[in-house]
Amino acid sequence: MADERSDFIRDIIEDDLRTGKHGGRVLTRFPPEPNGYLHIGHAKSICLNFGIAQQYGTRCNLRFDDTNPVKEDTEYVESIQRDIEWLGFSFGGTALYASDYFEEMYQLAEGLIADGKAYVCELTDEQIKEYRGTLSEPGRPSPWRDRPIEDSLALFRKMRSGALPDGACVLRAKIDMAAANMKMRDPLLYRIRHAHHHRTGDAWCIYPMYDYAHPLSDAIEGITHSICTLEFENNRELYDWALEHTRVAEKHGFTRPQQIEFARLNLDYTVMSKRKLLTLVKDGHVRGWDDPRMPTIAGMRRRGYSPEAIRALAELVGVAKTNSVVDIGKLEFCVRDDLNRTAPRVMGVLRPLKLVVTSYEAGAAGGAQTFDAPYFPPDVGKPGSRPVPMSRELWIERDDFALEPPEGYQRLAPGRTVRLRHGHCVTFEDAVVEGGEVVEVRVRHLPETLGANPQGVKVSGVIHWVSAAHAIDAEVRLYDRLFAVPRPEDAEGDFVQNLTPGSLEVIRGAKLEPSLATAAPGSRWQLERVGYFVLDAVDSQPGAIVLNRISTLREAAPARAVEAAPAEPREKNAKAKTRPAKRSPAEYRAEARARDEALAAAFDRLQRVHGLSEGDADLLTGERAVAEMIEGAIAAGAAPDAAARWLVNDPSFGKAPYAMTPANLAAFVALPLAGPAAKEVFAKMRAEGGDPRQIAAAAGLDQAADDGVVGKLVDDVIAAHPDKVAQYRGGKVGLLGFFVGQVVKASAGKASPPRVQELLKERL
RNA sequence: UCGGGGAUCGUCUAAUGGCAGGACGUCAGACUCUGGAUCUGACUAUCAAGGUUCGAAUCCUUGUCCCCGAACCA
């Protein structure tokens, strides 16, 4: 893997490696819950986590997140392992299980209780919900929150002992019922579940919640980068809380893992949620989890998609934090791109029409002749060929003959000559029509046209064919997109209403060339001019071949059906509608001034006395610290507009308290500093305090470089980039910024950019 | 008492104050014993407005839109 692509997660890992954050270790994990089949969205995550492990020469743990016995099953454990290995990744043959850590998690929970960090709560689930408050209202503490530690400990042990029924009580973290992040309002750590677990059997009747089990599992294994999807952003604070207060990583001699969230894969014309996929299976809209129309790994495998194609898609779509919906065409591209290079070409006719070559001898063998046809076209450059028998009676595709050809039709029609792929050219003689339908076409072959074009005759195209006497029959299953609309989950009503009505078409009398008789189930082929197909791994038998269409060939414009996908206005989702409106920072500042006369007075003064704009005055009077800073600086002699500019454009505005004094600020704005140098000094003064003159002097920024020095740097930069200079002189004036940047960089920030620009313009 | 994220060609994704680039797609052409593949060319973007700066996709402000969070699910 020479040019490994990067992304923001790999950037973080690189940084951590550089700084030695995890002692140079990298360890990822893929943590599915065994409650469903893996789908293409999981594939992206698998490629990410296992891909990183490969790239850094480490391991990715497959860990089943099996903390909810009522939903989980070994059937899923097995399918998940199979799918990961099929995708081409290795987890060392042994999967890990969160349930293996139940005892340690339990002990750590007792520790939390002993530290006063957790308590047993006897509120009912309705009460817990009620006490939790809402998005815009704080919660109230549970009456059990401050019960004695000993009581909680005894009760927790009783929970474990099995003496308590489901729902009697739960273990909760004691964090903050008023936290703005609802995940931190005393979240549940353990609940009672008298249920049989697929691995631990009946050993436990209490089970840890995800938010507790997950960080602990990561830490126990020594995971360094715990990569998950965006919806867990709110959980990160709790993830860190659990690590901090159990100190579990430290107990295992590891650094604490870091949770990083990325955007899950969404594909248009597809649904991806486990619940909806389960509905499709259970309600019989598809033939099972491995139905070739399903976006499951098992479905795509049966459809004939290769692991390489799926990995290529993951590579193609990249990793970022933007919610996105990937064009399903990208998947199709990856599939075709892979198959073009790997699938041998053979011939097969889906909807047969009899073609009689009258110039051939009559009889069963029909003056048989055999062509040696290569499996791959020259551009693919792979070896191999097979014999293709030819005879008097052939099958051709019904679509490849037209009595009245439409414009641009490059196939057989009255008066025309076409090439039989790998064989002769044939010229139309006659068509037999019965009941308005063409039932037979008669042609004469041109003997000298094997490997050569006929003299003086136009060849209207190339069509595929199969010798009728030698053909083998096959069932062909043509799959289309499962959903007819780009976003099946968006439309109101049930998503199954958006199913494509004929997403599976079964053709029974297809005719294949005889070489396919020995093809292996699961093998992939291109039926030339028709598409890519795979012998169905389940239903295809020797003598009774079943082909699944993996994909059509890419079709050029004239043949392609115009598919209009009108962009319906998206409807806001139901949850978004219930969310309370937020107030803006501007509203908060206005409220602060209404509350605080001093702020209101400053707001007024800054505008009327010091001449600041209303906008700046507003920003500077939202809180005391800022108002005092600007007014203090002005009192110390600072120009009001300059001081205001620096405060208002401060990247840390409102994020951190000022370390500088108003006098520092006043001294700063009086300094003859500009450009990056000024920013550097301001940032340091703001963060650490101190006299800006000293800061500037210490950094050597108190004096701008003189023209002589700058002039030399300009000459150096011009000499170092002759190609850019040529482009600039050729009219690419945008490059001026590039040159200025180079010179300023070379001067370590001392050159004055406006002066550099002048000098550059003179000399370019 | 609301909090956390996000917005760059039609789509996905780069550019971490200095040339808005790549891929998919679309269109046009070349080539072709697959209407495939390949090749060439074209197309199209920084959510909006203000500000800072020699220079802004990137920094600041305001606004708009989207996603996530109130399971004893993960």
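A, B, ... follow the sequence lines: proteins, then strands. Residue 1 opens every chain.
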Nearest whole angstrom, please: distance from the C1' of U38(B) to the CZ of R554(A). 11 Å
How many whole angstroms separate atom CZ of R529(A) from atom C1' of G36(B)? 10 Å
What contact category does G461(A) fall into here, base, sugar-phosphate, or nothing, at under 4.0 angstrom with non-hydrogen atoms? nothing
In whole Å, measure the gap between the C1' atoms of C27(B) and G10(B) for me. 13 Å
On RNA chain B, more 5' by nearest nucleotide between S584(A) and L527(A) is L527(A)
Expressed in whole Å, how much space separates the C1' atoms belonging to U53(B) and C60(B)? 12 Å
Between E528(A) (CD) and G36(B) (C1'), how many Å, whole number? 8 Å
Test salt bridge (Lys or Arg N to Asp or Glu O under 4.0 Å) applied to D400(A) - qualifying residues, sequence neighbours left out: R411(A), R529(A)
Could you tell me the separation between the CD1 atom of I40(A) and the CG atom of L267(A), rounded to the nearest 0.5 Å? 6.0 Å
Is the Y210(A) to Y239(A) ring centre distance short of 6.0 Å? no
Would you measure the distance from the P atom in C47(B) across to the matching atom in C9(B) and give it in whole Å? 7 Å
Does P753(A) offer a backbone N or O that forms a donor-acceptor pair with the side chain of Q757(A) under 3.5 Å? no
When we call it a touch if two heavy atoms are under 4.0 Å apart, what does R341(A) touch: a base, just sugar-phosphate, or nothing? nothing
Is it the case that over 12 heavy atoms from other parts of the model lie below 6.0 angstrom from the CD atom of E762(A)? yes
If you look at every strand shown and take non-hydrogen atoms under 4.0 Å, does K655(A) touch a base, only sugar-phosphate, or nothing? sugar-phosphate
Tell me, for nucleotides 69-74 of chain B in 5' to 3' order, what letter each nucleotide earns: B for a base near a protein heavy atom under 4.0 Å, S for only sugar-phosphate near one, - for neither? BBSBBB
Quick check against the 3.5 Å criterion: does N35(A) have a side-chain atom that pairs as donor or acceptor with the backbone of K71(A)? no
Taking only side-chain N and O atoms of S324(A), does any of them lie within less than 4.0 angstrom of OP1 or OP2 on U11(B)? no
Looking at every strand, decide which applies to G423(A) at a 4.0 Å heavy-atom threshold: base, sugar-phosphate, or nothing. base
NA contact type, V325(A), heavy-atom cut-off 4.0 Å: base, sugar-phosphate, or nothing? sugar-phosphate
Between C12(B), C33(B), G35(B), which nucleotide gets closest to the side-chain atoms of V326(A)? C12(B)
Rounded to whole Å, how long is the line connecting atom NE2 of H424(A) with atom P of C33(B)? 17 Å
Counting just side-chain N and O atoms, does R589(A) come under 4.0 Å of either OP1 or OP2 of U61(B)? no
Applying a 4.0 Å non-hydrogen cut-off, can you work out what P138(A) is touching in the nucleic acid: base, sugar-phosphate, or nothing? base
Applying a 4.0 Å non-hydrogen cut-off, can you work out what L619(A) is touching in the nucleic acid: base, sugar-phosphate, or nothing? sugar-phosphate
What's the closest nucleotide to the R345(A) side chain, out of C2(B), G36(B), G25(B)? G36(B)
Centroid-centroid distance, W525(A) to F533(A), less than 6.0 Å: no
Under the 3.5 Å Watson-Crick or G-U criterion, the dot-bracket string of RNA chain B, with | for inter-strand pairs: .((((((..((((....[..))))((((((.......))))))...(((((..]....))))))))))).....
Look at the side chain of R345(A) and the backbone N and O of A343(A), then say whether any donor-acceptor pair between them is shorter than 3.5 Å. yes
Based on the glycosidic angle (syn within 90° of 0, else anti), state the conformation of A71(B). syn
Scan F262(A) against the nucleic acid and name what it touches under 4.0 Å (heavy atoms): base, sugar-phosphate only, or nothing. nothing
Main-chain N/O of R336(A) paired to R341(A) side chain as donor or acceptor, under 3.5 Å: no
Taking atom P of C67(B) as reference, at what distance in whole Å does atom CG of N266(A) sit? 12 Å
Measuring only the P atom in each nucleotide, how far is U52(B) from A45(B)? A whole number of Å is fine. 28 Å
Categorize Q526(A) for me: base, sugar-phosphate, or nothing, with a 4.0 angstrom heavy-atom threshold over every strand shown. base
Between G51(B) and U13(B), how many Å separate the two P atoms, rounded to a whole number? 32 Å
In whole Å, what separates the C1' atom of G6(B) from that of U46(B)? 15 Å
In terms of the nearest nucleotide of RNA chain B, which residue is placed more toward the 5' end: P651(A) or Y588(A)? Y588(A)
Taking atom OG of S273(A) and atom NE2 of H39(A), what is their separation to the nearest 0.5 Å? 7.5 Å
Would you measure the distance from the C1' atom in G3(B) across to the matching atom in A20(B) and give it in whole Å? 34 Å
Name the closest nucleotide to the P585(A) side chain, picking from G63(B), G36(B), C24(B). G63(B)
Y728(A): ring pair (Phe, Tyr, Trp, His ring centres under 6.0 Å) partners, not counting sequence neighbours: none
Please confirm whether the shortest side-chain N or O distance from R236(A) to OP1 or OP2 of G4(B) is below 4.0 Å. no
In whole angstroms, the gap separating P of U34(B) from CZ of R411(A) amounts to 14 Å
Give a yes or no answer on whether the side chain of E397(A) reaches the backbone of L350(A) with a donor-acceptor pair at less than 3.5 Å. yes
Just checking A179(A): base, sugar-phosphate only, or nothing, at a heavy-atom cut-off of under 4.0 Å? base
Rounded to whole angstroms, how far apart are CD on E397(A) and C1' on U34(B)? 13 Å
Would you say the rings of Y190(A) and F156(A) are close, in the sense that their centroids are separated by under 6.0 Å? yes
Rounded to whole Å, please give me the gap between CG in L267(A) and P in U11(B). 15 Å
With rounding to whole Å, what would you report as the distance between U61(B) and U26(B) at their P atoms? 43 Å
Taking H445(A) for its side chain and V426(A) for its backbone only, find out whether a donor-acceptor pair lies under 3.5 Å. no
Tell me what R185(A) touches on the nucleic acid: a base, only sugar-phosphate, or nothing, going by heavy atoms under 4.0 Å. base
Which residues satisfy the side-chain contact (heavy atoms from CB on, under 4.5 Å) test with H721(A), sequence neighbours excluded? V717(A), D723(A), K724(A), F738(A), F739(A), Q742(A)
Which nucleotides of nucleotides 39-54 of chain B have their base under 4.0 Å from a protein heavy atom (B), which only their sugar-phosphate (S), and which neither (-), written as one string 5' to 3'? ------------BSSB
So which nucleotide from C33(B), U11(B), G36(B) ends up closest to the side chain of D327(A)? U11(B)
